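Got a structure for you, questions after.
In this text the structure is predicted, and so the values were computed from the model without any measurement.
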Amino acid sequence: MSYEFVPFPDTGATVRRESRPWARHDRRMPGAWFGTLRVEIACHQPIHVGSGFKAEQGGRVVRRTARAGERLVLPGSSLKGVLRARFEAVTRSCAFEPPSDRGFIVSQSYPDVKRGRLTAGVRQMPIFDERCGRDNRLCPACALFGFQYKDESLQSRVRVADFLADEAARSAIAEMPEQYEPRLHHLGDFRIDRSGREPEFEVSRLYGRKFYVGAHPSSDGASRKQQVEVAPAGTRFCGAIHLFNIEAAELGALLVALGVEPKTYLKVGAGKGHGFGRAAVAAMDYQLRDELRRPREPAIDAWRKAFETSGDRWEGGVVKLVEIHERPC
């Protein structure tokens with residue numbers, strides 16, 4: 001299996017929703033942190049972030065990677081998604097909706113079972129059952145990264161710009177297995193229900209939040225391969241993360257999500273379970289200010305301690321996320 005799971009909180013509140021006065025943009029809150037993190041990310045594996053375009057090269061169809069003009073780029077939206085997923089995993093945050101159970105399933109172990117469904121108990125798990133924004137109550141991730149639901153929304157207080165590679169950086173072509181969604185019955189405990197017109201997997205409990213791992217290229221000869229353009233291992237990308245009205249505990253959790261404190265790897269882009277996507281923060285420069293726009297020195301120890309004592313912290317999530325990503329993954 002090319003993914004592991006960070007468990008949902010099993011002690012205390014699964015999701016901690018409360019009023020969060022700092023989750024706003026109309027006022028600079030006293031004591032809040034503002035400014036920019038200048039970050040350099042180093043690729044430890046080839047990285048492919050699909051652009052939606054294809055090209056012919058050497059008689060082969062190649063899926064192009066993301067670019068800004070002629071320069072290789074890690075889109076800010078992709079990196080922000082990585083950061084939010086990791087932030088959710090280490091805090092008592094919600095998940096907007098459960099996995100889809102509408103897809104067609106191909107199982108080598110149970111070839112006669114083609115469908116699956118989630119039980120009502122899964123759909124009513126606290127992590128899915130409510131939504132943030134009601135009565136101005138927010139979970140940690142929605143408060144920091146924002147959310148949009150029907151006519152309600154909240155703007156993110158973290159803005160991630162595109163990360164550009166050096167102008168001299170060149171792409172390469174790699175072979176990647178075709179990508180498929182995880183099989184529904186791989187995501188939790190299941191039984192096979194044969195009481196209906198056709199058998200189906202019935203998933204009754206989810207293992208947690210899914211993170212792909214793949215320290216080496218896939219050796220699965222049965223998978224169809226595709227040619228993809230990649231930023232090769234060794235490529236470095238530089239960009240900025242802009243902060244507004246951030247609390248100390250949020251900064252502590254954000255450093256965990258960035259893989260800075262403690263040191264862990266990130267997985268970015270496609271093929272994360274097949275030897276692609278591993279990266280790490282190589283350098284970071286703090287350009288911070290207070291609510292009055294006065295320069296402010298970073299306080300990494302204070303941020304870490306604030307997060308360690310925060311009610312938003314999910315200790316089991318921190319331990320498992322670090323366990324998964326502290327080694328080459």
Atom CD of Q226 and atom CZ of R60: how far apart are they, to the nearest 0.5 Å?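 It comes to 12.5 Å.
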Using modelled atom types and a 3.5 Å cut-off, is there a donor and acceptor pairing between side-chain atoms of R236 and backbone atoms of D166?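 Between the backbone of D166 and the side chain of R236 there is no qualifying donor-acceptor contact (under 3.5 Å).
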Please say yes or no: joined through hydrophobic side-chain contacts below 4.5 Å, possibly via intermediate residues, are I47 and L83 part of one cluster?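 Yes; L83 is reachable from I47 via cluster members.
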Is there a side-chain contact (heavy atoms from CB on, under 4.5 Å) between L72 and S171 once you walk through the steps? CA-CA 8 Å; L72 299 172; S171 66; 4.0 Å; yes
I would like to know whether E308 and K305 meet salt bridge (charged side-chain N to carboxylate O under 4.0 Å, His left out); could you show each step before the answer? CA-CA 5 Å; E308 288 175 350; K305 291 175 182 177; over 6 Å; no
Does a salt bridge link R20 with E250, judged by any charged N lying under 4.0 Å from a carboxylate O?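 Salt bridge: no.
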Measuring only between side-chain heavy atoms, which start at C-beta, is F87 closer than 4.5 Å to V158?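 Not touching, per the 4.5 Å side-chain cut-off.
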Does the D135 side chain pair with the main chain of R137, one donor and one acceptor, at a distance under 3.5 Å?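 Pair absent, no side-chain N/O of D135 close to backbone of R137.
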Side-chain H-bond candidate by donor/acceptor type, H185 with Y110, under 3.5 Å: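 On atom types as modelled, these side chains do not qualify, holding no pair under 3.5 Å.
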For the rings on H48 and F276, is their centre-to-centre separation under 6.0 Å?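 H48 vs F276: aromatic centres not under 6.0 Å.
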F201 pairs by side-chain contact (heavy atoms from CB on, under 4.5 Å) with which of L118, I105, D193?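 The side-chain contact (heavy atoms from CB on, under 4.5 Å) with F201 is passed solely by I105 among L118, I105, D193.
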If we ignore hydrogens and angles and just use 3.5 Å, is the side chain of E291 paired with the main-chain N or O of P30 as donor and acceptor?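 Checked: no pair found.
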If two hydrophobic side chains count as joined below 4.5 Å and joins carry through other members, does V281 share a cluster with V90?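 Different hydrophobic clusters.
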Distance-only, no hydrogens or angles: does the N245 side chain make a donor-acceptor pair with backbone N or O of H25 under 3.5 Å?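 Such a contact is absent between N245 side chain and H25 backbone.
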Following the transitive rule for hydrophobic clusters with a side-chain heavy-atom cut-off under 4.5 Å over Ile, Leu, Val, Met, Phe, Trp and Tyr, establish whether L187 and Y212 coincide in one cluster.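 Yes: a chain of side-chain contacts under 4.5 Å links L187 to Y212.
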So, K114 and E198, do they make that salt bridge, N to O below 4.0 Å?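 So K114 does not pair with E198 through a salt bridge.
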We want to know whether S156 and R84 form a side-chain donor-acceptor pair, criterion being a heavy-atom distance below 3.5 angstrom.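 Distance-only check fails for S156 and R84.
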Hey, is the main chain of A165 close enough, under 3.5 Å, to the side chain of R71 for a donor-acceptor pair?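 Such a contact is found between R71 side chain and A165 backbone.
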Yes or no on side-chain contact (heavy atoms from CB on, under 4.5 Å) for M29 and R24, after CA distance, side-chain angles and deciding distance? CA-CA 9 Å; M29 300 297 289; R24 61 195 307 157; 3.8 Å; yes
Could you walk me through whether E229 and S51 satisfy the side-chain contact (heavy atoms from CB on, under 4.5 Å) test, starting with their C-alpha distance in whole Å, then the side-chain angles of each, then the deciding distance to 0.1 Å, before giving a yes or no? CA-CA 10 Å; E229 183 185 30; S51 66; over 6 Å; no
Please tell me if the side chains of K210 and P99 come closer than 4.5 Å, counting only heavy atoms from C-beta onward.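 Heavy-atom side-chain distance check fails, nothing below 4.5 Å.
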Do E152 and F147 have side-chain heavy atoms sitting under 4.5 Å apart?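 A side-chain contact under 4.5 Å exists here.
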Quick one: CG on L258 to NZ on K263, what's the gap to the nearest 0.5 Å?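 Rounded to the nearest 0.5 Å, the CG-NZ separation comes out at 10.0 Å.
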Restricting to non-hydrogen atoms, name the atom on I192 and the atom on P199 that form the minimum distance, rounded to 0.1 Å.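 What the structure gives for the nearest pair is CG2-CB, 4.2 Å.
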Kindly compute the distance separating OG (S109) from NE2 (H186), expressed to the nearest 0.5 Å.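 Going from the OG atom of S109 to the NE2 atom of H186 covers 6.5 Å.
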Side-chain touch L243/L251, heavy atoms, less than 4.5 angstrom: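 In contact.
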When you look at L37 and Y286, which way does the side-chain contact (heavy atoms from CB on, under 4.5 Å) test go after all the steps? CA-CA 5 Å; L37 307 178; Y286 300 85; 3.5 Å; yes
Roughly how far, to the nearest 0.5 Å, is the OG1 atom of T91 from the CZ atom of R86?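 The CZ atom of R86 sits 12.5 Å away from the OG1 atom of T91.
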Without hydrogens or angle criteria, can the side chains of Q45 and K267 be said to hold a donor-acceptor pair below 3.5 Å?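 Q45 vs K267: donor-acceptor pair found between side chains.
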Taking atom CZ as the centre, does R159 end up with more than 12 heavy-atom neighbours from other residues, nucleotides or ligands that are less than 6.0 angstrom away?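 No.
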May I ask you to test the K272-V82 pair for a side-chain heavy-atom distance under 4.5 Å?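 No, side chains not in contact.
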What are the two closest heavy atoms between S93 and V15, and how far apart are they?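 Taking S93 first and V15 second, the nearest heavy atoms are O-CG2, 3.9 Å.
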More than 12 heavy atoms of other residues, nucleotides or ligands under 6.0 Å from CD of E315: is that the case?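 Counting neighbours around CD of E315, more than 12 heavy atoms of other residues, nucleotides or ligands fall under 6.0 Å, so yes.
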For atom NZ of K54, decide whether the heavy atoms of other residues, nucleotides or ligands shown that lie under 6.0 angstrom number more than 12.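 No.
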Answer yes or no: are there more than 12 heavy-atom neighbours, outside E97 itself, under 6.0 Å from its atom CD?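 No.
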Side-chain heavy-atom pair T264, V256 within 4.5 angstrom cut-off: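 Not in contact.
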Work out which heavy atom in L184 is nearest to a heavy atom in S100; give both atom names and the distance.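 Between these two residues, the closest heavy atoms are CD1-O, 3.7 Å.
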Ion pair present between E202 and R117, side-chain N to carboxylate O less than 4.0 angstrom?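 Salt bridge between E202 and R117, a charged N being under 4.0 Å from a carboxylate O: yes.
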Do the side chain of S78 and the main chain of L74 share a donor and acceptor less than 3.5 angstrom apart?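 Such a contact is absent between S78 side chain and L74 backbone.
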Shortest non-hydrogen contact from V228 toward V62: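 Closest heavy-atom pair between V228 and V62: C-CG1, 3.9 Å.
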Using a strict threshold of under 4.0 Å (side-chain N to carboxylate O), is an ion pair present between D285 and R38?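 A salt bridge is absent here (no side-chain N lies under 4.0 Å from a carboxylate O).
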If I take atom NE2 from residue H325 and atom NZ from residue K320, how far apart are they, to the nearest 0.5 angstrom?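 Result: 10.5 Å between the selected atoms.
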When you measure from the centre of the six-membered ring of F34, is the NZ or CZ of R289 closer than 6.0 Å and no more than 45° off the axis?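 R289 over F34 ring: no.
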Can you find a pair of side-chain heavy atoms, one from C94 and one from R17, that are under 4.5 Å apart?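 Sidechains of R17 and C94: in contact.
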Is I246 reachable from I300 through a run of hydrophobic residues whose side-chain heavy atoms are each under 4.5 Å from the next?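 Yes; I246 is reachable from I300 via cluster members.
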Does T309 offer a backbone N or O that forms a donor-acceptor pair with the side chain of R313 under 3.5 Å?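 No, R313 side chain to T309 backbone: no donor-acceptor pair under 3.5 Å.
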Closest non-hydrogen atom pair, A42 against A282: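 For A42 versus A282, the nearest heavy atoms are CB-CB, 4.1 Å.
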Quick one: pull up CD in E4 and SG in C329 and give me the separation to the nearest 0.5 Å.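 So the CD of E4 and the SG of C329 are separated by 9.0 Å.
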Are L254 and F307 packed together at the side-chain level, in the sense that at least one heavy-atom pair is separated by less than 4.5 angstrom?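 A side-chain contact under 4.5 Å is absent here.
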Is it the case that one hydrophobic cluster holds both L144 and V6, taking links as side-chain heavy atoms less than 4.5 Å apart, direct or via other members?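 No, no single cluster joins them.
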Quick check against the 3.5 Å criterion: does T235 have a side-chain atom that pairs as donor or acceptor with the backbone of C43?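 Side chain of T235 to backbone of C43: no pair is present.
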Please confirm whether R278 makes a cation-pi placement over Y265, using NZ or CZ under 6.0 Å from the six-membered ring centre and within 45° of the ring normal.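 Relative to the ring axis of Y265, which defines the angle, R278 lies inside both limits.
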Determine yes or no for a side-chain-to-main-chain donor-acceptor pair under 3.5 angstrom, with D162 supplying the side chain and G76 the backbone.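 It does hold such a pair.
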Has W314 got a side-chain atom pairing as donor or acceptor with T14's backbone, closer than 3.5 angstrom?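 Not a single qualifying donor-acceptor pair exists.
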For a quick test of reading the model, state the closest non-hydrogen atom pair linking Y3 to R183 and the distance between them.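 That closest heavy-atom pairing would be OH-N, 4.3 Å.
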